[in-house]
Visitor: 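Dropping the structure in here first, questions after.
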Amino acid sequence: MCVARTAVTSAALAALALSCGGTNEPAPSVPRVDFIDGAIEPILHAGQAVVIEGFGFGDAPGTVTFPRGGGGQVGAAVADSTWSDQSIRTVVPDSAATGTVTVTSSRGLRLPATVHVLPVIPFDPTTLVWTQQAEPFPRSPVGVALAAATIPRNGLTITVFAAGGAEPVGGDSAFITDSAVFSAAVQPGGGVGAWVRQPDLPVPRAFAATAVANRYNSRFAGSALYLVGGIGPSGRAQSGVYGAAVSGGSVVALFEALQSLPAPVAGAIAVVRRGRIYVFGGSDSLGHPQRTVYVGRIAADGQIDGWYAEPQLAAPRAYGGGVVLDSRAAVFGGLQDSAPPGGGLDSIPARLATADTAAVSIVSGFLTGVWAPATPALPDGRSQFATLDLGDLVMLVGGRYAGDTAGTAETLAAEVGGDSLAPFATVSGVTAISANGGPILVGPAGIAWRDADGTGHGLVLGGFNLRNRQRTAGVWGF
């Protein structure tokens, strides 16, 4: 169900890709491993389901081995039915480590590829301690888009990018949108350094989605920052998509227009997984939540290789959350009824507590079935929260919900196992942001990552403070 194919060529993105090793893939007749988990040189974790893509694996099953922590190799389980000449589905062994994965065909042909495997240290949300970062955000906007670039260098080098946002004018229904872009380096222990101004977006945007692509999470040999949709200066949702080359933690070229979404959308649930950008729901140019689902693959030249219309959500949903698991997508919370840009601060309309799920092909990245109601639903209706995906745990921070004026359920958490997402439960205790003199956050931007040793970290930025209904420049992390 192809809606559009990329027709715009970005010279800057293509040039950076070429400088990083080229974008031309080997001829189909050359046996090789092209991608693992949708990336050239993926960052993986133990227990993760992955697909190895390439050519010349043979039709008869062979073996897949990962480097073992402490030395040697460890075999990965492969079902006969998931082995073909061009793809193999397997699971990263618990004892796997960074190094060379080897696919050995039944004829003895050995095909290597490099992977980076992180340990996963279980994160106990009940021990969560939020710390206000020393460096506040240079703006006090709402509707900022956040993304992180992770590079396996000297352990892991992580840079956070913040794009756009808006300043409220006379309340929470009108905004002056912003085009500023900033980056900040993540410091040892999860702290974030000073925010450095980058080249601006070509147009002001707020409540947009953003993503970073590189060889470690996509088919792109270079590195780029993308901004998708959002609200423009008119206060209406836009369909524009923009990209700029990134190097060394900085935006190194002007943003350029890429393939637009098939329709305007703002406040969408956006997820990046296996080199693809998923856009679930969101509001149209009139503020009406939508059921639309789009998937765009980040191509070898850094372009968006077409936006594909997928099976629609079971119900309209905007300003909610979502994740893409091994073979399933899930969305939860949000608004079903019309609302002002950003969702507003009124206690009405009612917030959704429901969740929906649909099957996703681990090979193609496309949905393979319709959406259906799912557990877990949220304990209560909630919208305009930050979603922090730590891999084995999903956390929801802030938002509008019953009891939010007292900060009674600032954070929800649910465990992840493969395609299973456990029920969300309230994380209570004195470690809450609002319980330590901080704001009661509505509409913060959020992001999560893991250090090289597997330690989980999260960050929330900006949004409204429900205590005084003013925007905040605060940055909080753990």
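Note: hydrogens, waters and symmetry copies are ignored here, and every other heavy atom, side chains too, is used.
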Visitor: Tell me which pairs pass side-chain hydrogen bond (donor to acceptor under 3.5 Å, both in side chains) where either residue lies in residues 57-68, with sequence neighbours left out.
Guide: T65-Q73
Visitor: Please tabulate, for the side chains in residues 317-333, all donor-acceptor contacts under 3.5 angstrom to protein atoms that are two or more places apart in sequence or on a different chain.
Guide:
residue : atom : partner : partner atom : Å
R317    : NH1  : G333    : O            : 2.9
R317    : NH1  : T354    : O            : 3.0
R317    : NH2  : T354    : OG1          : 3.3
R317    : NH2  : D356    : OD2          : 2.8
Y319    : OH   : G342    : N            : 2.9
S327    : OG   : R89     : NH1          : 3.3
S327    : OG   : R89     : NH2          : 3.2
R328    : NE   : T357    : OG1          : 3.0

Visitor: Residues two or more places apart in sequence or in another chain: which of them pass salt bridge (Lys or Arg N to Asp or Glu O under 4.0 Å) with D37?
Guide: R274
Visitor: Indicate yes or no: does R450 engage D392 in a salt bridge with an N to O separation below 4.0 Å.
Guide: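 Salt bridge flag = yes for D392 with R450.
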Visitor: Whether the side chain of S105 engages the backbone of L109 through a donor-acceptor N/O pair (distance < 3.5 Å, no angle test) should be reported.
Guide: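 Yes.
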Visitor: For residues 136-155, which residue pairs qualify under salt bridge (Lys or Arg N to Asp or Glu O under 4.0 Å), counting only residues two or more places apart or in two chains?
Guide: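 Salt bridge (Lys or Arg N to Asp or Glu O under 4.0 Å) check on residues 136-155 returns R139-D178.
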Visitor: Evaluate the side-chain proximity of T90 to T82: yes if any heavy-atom separation is below 4.5 Å, no if none is.
Guide: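 The answer is no, as the side chains (C-beta and beyond) never meet within the 4.5 Å cut-off.
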Visitor: Could you name each residue pair satisfying salt bridge (Lys or Arg N to Asp or Glu O under 4.0 Å) that touches residues 42-54, not counting sequence neighbours?
Guide: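 Residue pairs with at least one partner in residues 42-54: E53-R219.
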Visitor: Can you tell me how far apart CZ (F55) and CZ (R32) are? Round to the nearest 0.5 Å.
Guide: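 F55 atom CZ to R32 atom CZ measures 7.0 Å (nearest 0.5 Å).
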Visitor: Only counting residues at least two apart or in another chain, list the ones meeting ring-ring contact (aromatic ring centres under 6.0 Å, His included) with F137.
Guide: F182, W195
Visitor: Does a side-chain heavy-atom distance below 4.5 Å link V271 with T387?
Guide: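 Side chain of V271 against side chain of T387, heavy atoms only: no contact under 4.5 Å found.
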Visitor: Could you tell me which non-hydrogen atom of S260 sits nearest to which non-hydrogen atom of V241, and how far apart they are?
Guide: CA-CG2, 4.1 Å
Visitor: Please step through salt bridge (charged side-chain N to carboxylate O under 4.0 Å, His left out) for the pair D200 and R197, ending with a clear verdict.
Guide: CA-CA 8 Å; D200 285 1; R197 185 74 176 261; 3.0 Å; yes
Visitor: Identify the heavy atoms of V228 and A208 that sit nearest to each other, and give their distance.
Guide: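 Scanning both residues completely, I find the closest heavy atoms to be O-CB, 3.5 Å.
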Visitor: List the residues meeting ring-ring contact (aromatic ring centres under 6.0 Å, His included) with W83, not counting sequence neighbours, and say none if there are none.
Guide: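 Here no residue qualifies.
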Visitor: Does the pair Y308 and F366 meet the rule for a ring-ring contact (aromatic ring centres under 6.0 Å, His included), with working shown?
Guide: CA-CA 9 Å; Y308 294 78; F366 296 134; 4.9 Å; yes
Visitor: Going by salt bridge (Lys or Arg N to Asp or Glu O under 4.0 Å), name the residues that satisfy it together with R276, two or more places apart in sequence or in a different chain.
Guide: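 Expected list: none.
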Visitor: Write down the atom of V212, the atom of S223, and the distance for their closest heavy-atom approach.
Guide: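 So the two residues come closest at CG1-OG, 4.3 Å.
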Visitor: At their closest point, which heavy atom of L459 faces which heavy atom of V160, and how far apart are they?
Guide: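 Residues L459 and V160, closest heavy atoms: CD2-CG1, 4.4 Å.
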Visitor: Search all heavy atoms of S95 against all heavy atoms of V74 and return the closest pair with its distance.
Guide: OG-CG2, 3.7 Å
Visitor: Within the side chain of W449, is there an N or O that forms a donor-acceptor pair under 3.5 Å with the backbone of H457?
Guide: no
Visitor: Run the salt bridge (Lys or Arg N to Asp or Glu O under 4.0 Å) test against R110 and tell me which residues pass, sequence neighbours left out.
Guide: none
Visitor: Checking W476 side chain against Q133 main chain: does a donor-acceptor pair fall under 3.5 Å?
Guide: no
Visitor: Going by salt bridge (Lys or Arg N to Asp or Glu O under 4.0 Å), name the pairs with one or both residues in residues 39-49, residues two or more places apart or in two chains.
Guide: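 Found E41-R215.
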Visitor: Only counting residues at least two apart or in another chain, list the ones meeting ring-ring contact (aromatic ring centres under 6.0 Å, His included) with W130.
Guide: F478
Visitor: Taking only residues two or more places apart in sequence, or in another chain, which ones meet E135 in a salt bridge (Lys or Arg N to Asp or Glu O under 4.0 Å)?
Guide: none
Visitor: Measuring from N217:CG to I43:CD1, what's the distance to the nearest 0.5 Å?
Guide: 7.5 Å
Visitor: Specify the closest pair of heavy atoms between I121 and D453, including all atoms of both residues, with the distance to one decimal.
Guide: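 Shortest heavy-atom contact: CD1-O, 3.2 Å.
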